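This report refers to the structure that appears directly beneath it.
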Amino acid sequence: MAFTIDLNADLGEHPNSDLDERIMPYLSSCNIACGGHIGNAESVKYTVELAKQFSIKIGAHPSFPDSINFGRKVMNIHPDKLKSSLKKQIDLVNDSAERSEIPLHHVKPHGALYNLAAYDQETSALICEVIAQINPKLKLYGLAHAIIEKVAGSYGLQFVPEAFADRQYRVDRTLLPRSEKGAVLSNEKNVLDQVEELVFNKRVFADCWISIDSETICLHSDTKGAINLAAKIRKHLESKGAIIAAV
């Protein structure tokens with residue numbers, strides 16, 4: 001039986017660039033920035049239409065409402081205000097998807113919100129509550145082996161465990177912070193080696209080998225050489241017999 005893995009990237013983050021259009025042919029799903037860290041109705045509509053053109057699944061990519069820090073710092077924000085912002089962001093993608101007659105497939109938090117939800121139960125519950133209210137059939141992409149998986153289950157959401165092609169890990173299965181040296185991988189061999197280990201051996205090296213069981217692999221579109229890396233990842237996986245397809 002053929003082995004299937006999803007390959008996703010965070011898109012809608014590159015104004016006045018053709019990056020999204022060039023990277024999409026290699027993906028099976030994408031996460032569209034929707035106004036929290038970057039993005040607006042126009043950019044969402046453009047990216048949704050591109051995704052429809054390339055027949056890839058679309059997800060909303062909401063974040064802390066913090067464009068100054070690109071959503072990569074934890075905000076001190078009242079839970080009600082955060083709920084309202086997340087709902088508005090997800091609705092922006094959902095509404096655009098409905099107009100384009102392509103269903104919204106999933107939600108994947110961005111940046112600091114994603115990392116906080118990996119270990120903070122209250123943040124995970126807040127995200128899951130918003131998604132369940134919008135559409136409980138939406139899938140939730142999140143860090144593999146994190147607390148958010150159990151929380152998603154308690155809300156009846158399908159959780160899709162995610163691993164990263166271009167990020168270094170710590171031994172507790174969390175991501176090495178971007179502020180630390182070597183946190184982002186861009187060397188082609190290093191990325192391909194990590195992807196192969198993640199997909200076929202269900203592990204990653206972080207001072208020692210640690211097990212990671214994932215259903216989707218993320219490549220950040222702002223990683224140096226992302227388009228070339230996406231092409232090489234897809235070619236490499238398919239040469240090993242993997243089928244690239246969304247969950």
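Side chains included, hydrogens not; waters and symmetry mates left out as well; all remaining heavy atoms used. Please read these numbers as outputs of a predicted model, since none were measured by experiment.
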Given side chains that start at C-beta, do those of Lys57 and Ser28 come closer than 4.5 Å, heavy atoms only?
-> no
Do Arg178 and Val184 come close enough that some side-chain heavy atom pair is under 4.5 Å?
-> yes
Check whether any side-chain heavy atom of Cys34 sits under 4.5 Å from a side-chain heavy atom of Ile90, and report yes or no.
-> no
Say you draw a straight line from CD1 of Ile131 to NE2 of His106; how long is it, rounded to the nearest 0.5 Å?
-> 10.0 Å
By side chain to side chain contact (heavy atoms under 4.5 Å, CB included), which residues pair with Ala231, not counting sequence neighbours?
-> Tyr26
Considering only NZ, NE, NH1 and NH2 on the basic side and carboxylate oxygens on the acidic side, decide whether Asp193 and Lys189 come within less than 4.0 Å.
-> yes
Report the distance from atom CD of Glu49 to atom CD1 of Ile58, rounding to the nearest 0.5 Å.
-> 9.5 Å
Keeping the roles fixed (side chain from Asn40, backbone from Glu42), state whether a donor-acceptor pair exists under 3.5 Å.
-> yes
How many angstroms lie between atom CD1 of Ile148 and atom CG of Leu116, to the nearest 0.5 angstrom?
-> 9.5 Å
Is there a donor-acceptor pair under 3.5 Å between the side chain of Glu215 and the backbone N or O of Val247?
-> no
Taking the six-membered ring for Trp and the single ring otherwise, decide whether the centroids of Phe164 and Tyr114 are under 6.0 Å apart.
-> yes
In terms of ring plane angle, is the pair His37 and Phe70 parallel, tilted or perpendicular, where the classes change at 30° and 60°?
-> perpendicular
Donor-acceptor side-chain pairing of Asn31 and His110 below 3.5 angstrom = no
Is any side-chain heavy atom of Leu19 less than 4.5 Å from a side-chain heavy atom of Ser221?
-> yes
Taking atom CG of Leu113 and atom NZ of Lys108, what is their separation to the nearest 0.5 Å?
-> 12.0 Å
With a 4.5 Å limit on heavy-atom distance, are the side chains of Gln168 and Leu185 in contact?
-> yes
Arg22 and Ser17: side chain donor to acceptor below 3.5 Å | no
For residues Glu162 and Asn8, is any side-chain donor paired with an opposing acceptor at under 3.5 Å?
-> yes
Pro65 side chain near Ile77 side chain, heavy-atom distance below 4.5 Å = yes
Quick one: do Leu219 and Phe200 end up in the same hydrophobic cluster if we chain Ile, Leu, Val, Met, Phe, Trp and Tyr together by side-chain heavy atoms under 4.5 Å apart?
-> yes
Test ring pair (Phe, Tyr, Trp, His ring centres under 6.0 Å) applied to Tyr119 - qualifying residues, sequence neighbours left out = none
Can you tell me how far the CG atom of Asp91 sits from the CG atom of Leu86, to the nearest 0.5 Å?
-> 10.5 Å
Run the numbers on Tyr46 and Asp20 for side chain to side chain donor-acceptor pair (under 3.5 Å), then give the verdict.
-> CA-CA 10 Å; Tyr46 172 76; Asp20 286 4; over 6 Å; no
Any side-chain heavy atom of Glu129 within less than 4.5 Å of one from Tyr155?
-> yes
State whether Arg72 and Asp222 are salt-bridged, where the test is any N-O pair (Lys NZ or Arg NE/NH1/NH2 against Asp/Glu carboxylate O) under 4.0 Å.
-> yes
Show your working on side-chain contact (heavy atoms from CB on, under 4.5 Å) between Ile38 and Ser67 and close with a plain yes or no.
-> CA-CA 6 Å; Ile38 197 168; Ser67 59; over 6 Å; no
Heavy atoms, side chains only, cut-off 4.5 Å: are Pro62 and Val107 in contact?
-> yes
Sequence neighbours excluded, the answer for side chain to side chain contact (heavy atoms under 4.5 Å, CB included) partners of Arg170 is Asp172, Thr174, Leu176, Pro177
